[in-house]
Amino acid sequence: MRKADVVEFYRRLAEANPHPETELESVNDYTLLVAVVLSAQATDAGVNKATRALFAEVDTPQKMVALGLEELKRHIRTIGLFNTKAKNVIALSQALIDHHGGHVPADRDALEKLPGVGRKTANVVMNVAFSAETFAVDTHIFRIGNRTGLAKGRTVLAVEKRLDAVTPAPFRVHAHHWLILHGRYVCKARKPECWRCIVADLCAFKPKTPLPPAKA
DNA sequence: ATCCCGAGGG
DNA sequence: CCCTCTGGAT
């Protein structure tokens with residue numbers, strides 16, 4: 001994608017959504033971290049449904065360790081991969097107590113050392129909790145980057161580096177959420193709704209059926 | 001490359 | 001039935 005088109009691409013997403021935010025619910029940095037860990041290969045709506053009751057009782061790593069593995073599993077049973085996630089959340093909470101004074105570190109390398117926290121999760125926490133200019137490449141952003149031509153790459157890391165290289169300063173902080181929300185509601189994996197996409201003319205992807213279904 | 005793994009939509 | 005959802009560890 002040409003530089004001028006990249007700027008126009010972001011400019012329109014920014015105009016349509018001036019203050020984008022995560023749709024994951026949380027009450028502090030710690031619960032945000034837990035919510036992001038739980039959101040792997042799961043919808044944020046599904047995560048919110050489970051964490052609403054959980055975070056009302058448990059909003060610190062100390063309380064999570066006290067809750068225990070089996071009780072945590074009971075809370076998040078409806079989320080995919082819950083067995084692994086429950087173990088990671090308990091271990092991660094203990095690590096925060098042991099090595100970070102019970103607080104979420106504002107450091108990407110420290111975050112990545114926590115159980116269940118990889119580069120993508122660390123980038124999300126850095127962006128949301130600390131307003132860092134990180135590009136967390138999830139399933140949506142990987143798809144949009146390659147589909148539109150904004151940031152192509154064979155791996156998520158390659159797409160992340162392309163985004164870092166092509167995204168102008170004014171858009172860097174919010175780029176993550178603009179792309180996520182665009183992918184979730186318009187540029188969907190199965191049926192991208194190009195007929196109502198505000199950046200369709202800048203996009204490399206040209207659908208065979210650019211018009212909406214007749215009944216819709 | 002493979003495993004983990006439930007809910008929601010088509 | 002199938003695919004997708006803000007992945008990480010081995």
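Below, chain A is the first sequence line, B the second, and so on; all start at residue 1. Since the model is a prediction, treat every value here as computed from it, not as a measurement.
Checking each of Arg11(A), His182(A), Glu8(A) against Val199(A) for a side chain to side chain contact (heavy atoms under 4.5 Å, CB included) leaves exactly one that passes, namely His182(A). Between Phe142(A) and the choices Thr155(A), Val156(A), Leu179(A), the side chain to side chain contact (heavy atoms under 4.5 Å, CB included) rule is met once, by Val156(A).
In this structure, Lys206(A) places its NZ atom where more than 12 heavy-atom neighbours from other residues, nucleotides or ligands lie under 6.0 Å away.
In summary, contact between chain A and DNA chain B, defined as any nucleotide atom under 4.0 Å from a heavy atom of the protein, begins and ends at dC4(B) to dG9(B) in the 5' to 3' direction.
For the P atom pair drawn from dG8(C) and dA7(B), the interatomic distance equals 22 Å after rounding to whole Å. The C1' atoms of dT4(C) and dC5(B) are separated by 13 Å, rounded to the nearest whole Å.
Proximity of Arg143(A) to the phosphate of dC5(C): a side-chain N or O atom is located under 4.0 Å from OP1 or OP2.
For the segment residues 169-185 of chain A, the set of residues with a heavy atom within less than 4.0 Å of an atom of DNA chain C comprises His176(A), His177(A), Ile180(A), Arg184(A), in numerical order. The stretch residues 34-56 of chain A comes close to DNA chain C through Ser39(A), Ala40(A), Gln41(A), Ala42(A), Thr43(A), Asp44(A), each having a heavy atom under 4.0 Å from the strand.
Distance check: Arg77(A) CZ to Asn83(A) CG gives 10.5 Å after rounding to the nearest 0.5 Å. Atom CD of Glu71(A) and atom CG of Leu54(A) lie 10.5 Å apart (nearest 0.5 Å). In this structure, Asn17(A) CG and Tyr185(A) OH are separated by 10.5 Å, a value rounded to the nearest 0.5 Å. Taking CG from Asn88(A) and CG from Leu114(A), the interatomic distance works out to 10.0 Å, rounded to the nearest 0.5 Å.
If you take CG of Leu33(A) and P of dT6(C), they are 18 Å apart, rounded to a whole angstrom. Rounded to a whole Å, the CG atom of Leu92(A) is 14 Å from the C1' atom of dA9(C). Rounded to whole Å, the distance from CD on Glu112(A) to P on dG8(C) is 8 Å. The interatomic distance linking Arg147(A) (CZ) with dT4(C) (C1') rounds to 12 Å, in whole Å. The separation between Asn88(A) atom CG and dA9(C) atom C1' is 8 Å, rounded to whole Å. Rounding to whole angstrom units, NZ of residue Lys188(A) and P of dC5(C) are separated by 11 Å. To the nearest angstrom, C1' of dG7(C) lies 8 Å from CG of Leu81(A). Distance CD (Glu160(A)) to P (dT6(C)): 18 Å, rounded to an integer number of Å.
Looking only at distances, no side-chain donor or acceptor of Arg119(A) sits under 3.5 Å from a matching main-chain atom of Ala136(A).
Within the 4.0 angstrom heavy-atom criterion, only backbone atoms of the sugar-phosphate kind lie near Thr121(A); the bases stay farther away. Counting any heavy atom pair closer than 4.0 Å across all strands shown, Val117(A) reaches sugar-phosphate atoms only and no base atom.
Toward the 5′ end of DNA chain C lies the nearest nucleotide of Leu24(A), the other residue of the pair Leu114(A) and Leu24(A) mapping further downstream.
With sequence neighbours left out, Lys152(A) forms a salt bridge (Lys or Arg N to Asp or Glu O under 4.0 Å) with no residue at all. Residues satisfying the salt bridge (Lys or Arg N to Asp or Glu O under 4.0 Å) test with Asp107(A), not counting sequence neighbours, are none.
In this model, a side-chain donor or acceptor of Thr22(A) finds a partner on the base of dT6(C) within 3.5 Å.
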Anything under 3.5 Å between a donor and an acceptor, one on a side chain of residues 27-41 of chain A, the other on a protein residue two or more places apart or in another chain? List them.
{"unit_1": "Asn28(A)", "atom_1": "OD1", "unit_2": "Tyr30(A)", "atom_2": "N", "d": "3.1"}
{"unit_1": "Asn28(A)", "atom_1": "OD1", "unit_2": "Thr31(A)", "atom_2": "N", "d": "2.7"}
{"unit_1": "Asn28(A)", "atom_1": "OD1", "unit_2": "Thr31(A)", "atom_2": "OG1", "d": "2.9"}
{"unit_1": "Asn28(A)", "atom_1": "ND2", "unit_2": "Asp59(A)", "atom_2": "O", "d": "2.9"}
{"unit_1": "Tyr30(A)", "atom_1": "OH", "unit_2": "Ser93(A)", "atom_2": "OG", "d": "2.6"}
{"unit_1": "Thr31(A)", "atom_1": "OG1", "unit_2": "Val27(A)", "atom_2": "N", "d": "2.8"}
{"unit_1": "Thr31(A)", "atom_1": "OG1", "unit_2": "Asn28(A)", "atom_2": "N", "d": "2.9"}
{"unit_1": "Thr31(A)", "atom_1": "OG1", "unit_2": "Asn28(A)", "atom_2": "O", "d": "3.1"}
{"unit_1": "Ser39(A)", "atom_1": "OG", "unit_2": "Val36(A)", "atom_2": "O", "d": "2.7"}

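The shortest distance between side-chain heavy atoms of Trp195(A) and Glu193(A) falls below 4.5 Å.
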